[in-house]
Colleague: 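Can you read through this structure? Questions will come right after.
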Amino acid sequence: MAADGTVAADGFAPRLLRWFDASGRHDLPWQHPRSPYRVWVSEIMLQQTQVRVVVPYFERWMQALPTLRDLAAAEPDAVIALWAGLGYYARARNLHKAAQLCMERHGGELPRDIEALAALPGIGRSTAGAILAQAHGLRHAILDGNVKRTLARFHGVRGWPGTRAVELELWRLAEGHLPQARMADYTQAIMDFGATLCTRQNPACVLCPLQDDCVARREGLVAELPTPKPGKALPQRGTLMLVVLDGAGRLLLRRRPPSGVWAGMWSLPEAEDADAAHALLARHAEVDFDAVETLPTIEHGFSHYRLRITPLLWRNARPLEQRIAEDADARWAAADARAAIGFPAPVRRLLDGLDRTA
DNA sequence: AAGCCGGGGCC
DNA sequence: GGCCCAGGCTT
């Protein structure tokens, strides 16, 4: 690294770009065309989600909402339905909100100013940099998981990147490597490099264009870097999910609370115990509570806790239509209507299993 | 700094 | 079964 703190002279970016030209990914759907809106949606989908998973969601999204204006005008439930299965649903709500803010404040386009861009909901420093670099070729760094891993190894940076000091060091290094040209390709290159060559496990060091100058390679630390997050045991929680069908096969649904897990999404009614289940059921239908059928429990893991779902099934319930009419957060949905609703993944699995056995 | 927020891939 | 991932927001 040069005395002024820059590291461009070491050939990091040129070697990465040569590798990208030969071995990078050039056929991802958001690269053709590489418009600001498409890059933005792809970057949000790719937060904590791998390329292979994102591609079909991205294609479906662009079919339904091809422009920022279309997104801004869409119904919230339609946006969630396009997202259902991807997880982190705040990303979808933030996309929607940000599109509307762009219509109001930025003439219907994403701002080119990084401060204004990062001020939009769901767009932080790294995602703002990725959008500006890829959509406009502007000289901004990114620091996602791939870049953190690559830089931690190349420079031998120790310590978990979740700590402030390590993260600041990695940002400094990332900015020091930026090339003067080809910013869009460079940004795609360093992400591809981390995703396909400098992988977390079994990185292809023998093929690496940076191996001669890689500190981790030289010091035998490749498997130790980046330093993993200190571990902790996940708490276990449980819930009852009520599967209530009326004589016509319609299913009782309730909207989730506006905050917390699966916020605002349609799901099955939930209760903590049998008494609460009974009370909840009585508010929506006449049904023989003792005629309950048990379904297999479903285990669902979150990043911060584990959830054991116990489904309870009643058939031939008689809906209390008056109560439903008064309750905007409850509905009886027929099978064909259910298909178009975006359910949380374990609920979708449960309902699909129900349809197969019913 | 730590917790919250999903889901899936992978060993 | 545990860990991690093309992060950002809230407290």
Side-chain angles (χ1 to χ4, degrees), chain A residues 24-25 28-31 39-58 80 83-95 97-98 117-131 133-134 141-150 159-168 170-171 174 187-196 198-202 223 226-237 256-265 267 298-307 309 342-349:
Chain A
R25 291 178 286 200
L28 297 171
W30 41 90
Q31 296 173 315
V39 168
W40 172 39
V41 173
S42 76
E43 285 299 323
I44 302 301
M45 286 186 170
L46 287 163
Q47 289 171 3
Q48 305 297 295
T49 309
Q50 295 176 0
V51 168
R52 234 174 315 176
V53 178
V54 162
V55 166
Y57 283 88
F58 181 85
I80 288 294
W83 200 271
L86 270 181
Y88 281 118
Y89 297 94
R91 294 186 293 171
R93 292 192 298 274
N94 286 335
L95 265 173
K97 178 65 179 172
L117 192 54
L120 292 170
I123 301 180
R125 179 176 174 184
S126 184
T127 299
I131 293 169
Q134 294 185 84
I142 64 169
L143 192 63
D144 59 26
N146 289 318
V147 180
K148 286 176 181 172
R149 183 171 55 252
T150 298
W160 178 48
T163 64
R164 187 68 184 151
V166 175
E167 189 179 355
L168 285 175
L170 293 173
W171 270 113
T187 301
Q188 185 65 52
I190 195 166
M191 289 191 287
D192 276 5
F193 183 80
T196 66
C198 195
T199 54
R200 186 167 63 89
Q201 297 172 47
N202 302 117
T227 305
K229 174 181 179 167
K232 217 177 277 186
L234 295 184
Q236 174 86 41
R237 302 183 192 175
R256 300 271 310 173
S259 64
V261 172
W262 304 325
M265 296 174 73
S267 183
I298 294 177
E299 294 286 347
H300 188 70
F302 294 94
S303 54
H304 49 308
Y305 66 90
R306 296 184 51 75
L307 182 65
I309 298 169
F343 293 109
V347 176
R348 171 52 69 192
R349 276 206 309 278

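Treat the numbers as computed from the prediction; the structure is a model and nothing was measured. In the text below, chain A, chain B and the rest are named by the order of the sequence lines, each starting its count at 1.
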Colleague: Mapping A:Ser42 and A:Asn94 to their closest nucleotides on DNA chain C, which lands nearer the 5' end?
Modeller: A:Ser42
Colleague: Nearest whole Å is fine: how far is B:dC5 C1' from A:Ile80 CD1?
Modeller: 13 Å
Colleague: Want to settle it: does A:Phe343 or A:Gly162 sit nearer the 5' end of DNA chain B, counting the closest nucleotide to each?
Modeller: A:Gly162
Colleague: Tell me: CG of A:Leu307 to P of B:dG6, nearest whole Å?
Modeller: 12 Å
Colleague: Measure OH/A:Tyr57 against C1'/C:dC5 and give the value in whole Å, please.
Modeller: 16 Å
Colleague: Is A:Val54 touching bases, backbone alone, or none of the nucleic acid, heavy atoms closer than 4.0 Å?
Modeller: nothing
Colleague: Which one, B:dG6, B:dG9, C:dG8, comes nearest to the side chain of A:Arg52?
Modeller: B:dG9
Colleague: Pick base, sugar-phosphate or nothing for A:Gly194, based on heavy-atom distances below 4.0 Å to the nucleic acid.
Modeller: nothing
Colleague: Pick base, sugar-phosphate or nothing for A:Arg25, based on heavy-atom distances below 4.0 Å to the nucleic acid.
Modeller: base
Colleague: Using the side-chain heavy atoms of A:Pro346, tell me which of these nucleotides is nearest: C:dG8, B:dG7, C:dC5.
Modeller: B:dG7
Colleague: Would you say a side-chain N or O of A:His300 is under 4.0 Å from OP1 or OP2 of B:dG6?
Modeller: no
Colleague: Pick base, sugar-phosphate or nothing for A:Asn202, based on heavy-atom distances below 4.0 Å to the nucleic acid.
Modeller: nothing
Colleague: With a cut-off of less than 4.0 Å, is there a side-chain N or O of A:Tyr305 near OP1 or OP2 of B:dC5?
Modeller: no
Colleague: OP1 or OP2 of B:dG6 sitting under 4.0 Å from any side-chain N/O of A:Trp83?
Modeller: no
Colleague: Is there a side-chain contact between A:Arg91 and the phosphate of C:dC9, meaning an N or O under 4.0 Å from OP1 or OP2?
Modeller: no
Colleague: Given that A:Thr163 and A:Arg200 both sit by DNA chain B, which one's nearest nucleotide is further toward the 5' end?
Modeller: A:Thr163
Colleague: Whether A:Arg237 engages the ring of A:Tyr305 as a cation-pi pair (distance to the six-membered ring centre under 6.0 angstrom, angle to the ring normal within 45°) should be assessed.
Modeller: yes
Colleague: What is the nucleic acid contact for A:Gln188, judged by heavy atoms within less than 4.0 Å: base, sugar-phosphate only, or nothing?
Modeller: base
Colleague: For A:Leu120, answer base if it contacts any base atom (sugar-phosphate contacts may also be present), sugar-phosphate if it contacts only those atoms, and nothing otherwise; contact means non-hydrogen atoms under 4.0 Å.
Modeller: sugar-phosphate
Colleague: Which value, in whole Å, describes the distance between the P atoms of nucleotides C:dC4 and B:dG3?
Modeller: 16 Å
Colleague: Under 4.0 Å from OP1 or OP2 of C:dC5: is there any side-chain N or O of A:Gln50 that close?
Modeller: no
Colleague: So, does the side chain of A:Thr127 form a donor-acceptor pair with the base of C:dG8 at under 3.5 Å?
Modeller: no
Colleague: Take atom P in B:dG6 and the same atom in C:dT11, then report the distance between them in whole Å.
Modeller: 16 Å
Colleague: So, A:Tyr57 versus A:Trp83, ring centres under 6.0 angstrom or not?
Modeller: no
Colleague: Before you tell me yes or no, could you show the steps for A:Val39 and A:Glu43 under side chain to side chain contact (heavy atoms under 4.5 Å, CB included), namely the whole-Å CA-CA distance, both residues' side-chain angles and the distance that decides it to 0.1 Å?
Modeller: CA-CA 6 Å; A:Val39 168; A:Glu43 285 299 323; 4.2 Å; yes
Colleague: Once you round it to whole Å, what is the distance between C1' of B:dG6 and CD of A:Gln47?
Modeller: 13 Å
Colleague: Using the closest heavy atom to pick a nucleotide of DNA chain C for each, name whichever of A:Asp144 or A:Pro121 lands nearer the 5' end.
Modeller: A:Asp144
Colleague: With respect to the side chain of A:Ala345, which nucleotide from C:dC4, B:dG8, C:dG7 is positioned closest?
Modeller: B:dG8
